[in-house]
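Notes follow the structure.
Side chains included, hydrogens not; waters and symmetry mates left out as well; all remaining heavy atoms used. Just so we're clear, the structure is a prediction, and the values are computed from it rather than from any experiment.
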Amino acid sequence: MRIGVLGTGGMADALATHWVRAGHEVTVEGRDVDKAERLATRIGGGAKPARLRVAAEFGQVVLAALPFDAGVSVARELRAALDGKVLLDCSNPVGPGFRLLTEGGPSAARQLAAAAPGAHVVKAFNLCHEDVWRMRPPVFDGRPLAVPVCGDDRATLARVRELVRDVGCAPVAGGGLERAGLLEATAALWVAEEADVQAIAPPLAYAAGQGRERAEGGKRADG
């Protein structure tokens with residue numbers, strides 16, 4: 001798969017490194033060409049630096065590894081080059097105090113989709129710090145990390161699920177792009193409160209109210 005990476009920060013570095021190792025062709029862009037060249041060299045595996053539009057035109061999948069306040073303007077600038085492409089958004093619209101900057105409006109992912117309406121936007125990889133994505137692979141207590149993926153196009157989602165597996169993780173269906181805001185809000189909540197998510201969430205069998213019945217061997221739970 002050809003992957004264009006927009007950005008030269010930690011998320012671009014961590015994810016692109018996995019994808020190069022998995023055999024994908026990667027081109028890295030940065031407005032600072034020197035940074036793009038250094039990142040491409042660090043990633044290795046034939047990764048190449050490129051200017052902004054070149055990376056977008058190159059990729060079948062384009063990773064927007066950009067700060068929230070830059071993503072929309074870049075997507076708008078590249079809207080023609082992104083037409084028909086998978087645009088993968090890993091951003092979190094979170095400000096000081098881990099306040100959600102979208103403030104009840106469209107999610108960061110849906111703002112990208114509005115800026116580049118011909119692109120197939122998918123939300124993924126936003127729930128963890130870049131250090132997690134640098135792990136080879138991200139496995140905790142013997143279980144691969146699960147990565148929710150939100151998007152509207154079936155073929156697009158299949159490609160992103162492949163990229164999730166190439167990082168060593170397990171893709172999880174997150175619904176359509178309208179649910180991307182839930183992932184962004186989740187990131188803001190648990191980082192801000194330093195919440196132990198495993199302590200908050202019961203086993204899946206219990207989350208939907210079925211756990212008691214199963215625990216009692218299928219007997220109906222008392223009302």
Would a distance-only check, ignoring hydrogens and angles, find a side-chain to backbone donor-acceptor pair under 3.5 Å from [X] to [Y]?
X	Y	result
Glu57	Ala81	no
Asp166	Trp19	no
His18	Trp133	yes
Asp89	Ser91	yes
Glu29	Pro49	no
Gln111	Gly71	no
Lys123	Glu178	no
Lys48	Ala40	no
Arg2	Phe58	yes
Asp152	Leu177	yes

Please report the interatomic distance [atom1]([X]) to [atom2]([Y]), rounded to the nearest 0.5 Å.
X	Y	atom1	atom2	result
Asp34	Leu39	CG	CG	12.5 Å
Glu184	Thr186	CD	OG1	9.5 Å
Leu88	Leu15	CG	CG	7.5 Å

Practice problem: Compare all side-chain heavy atoms of Leu163 with those of His24 and state whether any distance is below 4.5 angstrom. | Solution: yes

Quiz prompt | Presence of salt bridge, Arg134 and Asp13, under 4.0 angstrom | solution = yes

Practice problem: Could you tell me whether Arg51 atom CZ has more than 12 heavy atoms of other residues or ligands within 6.0 Å of it? | Solution: no

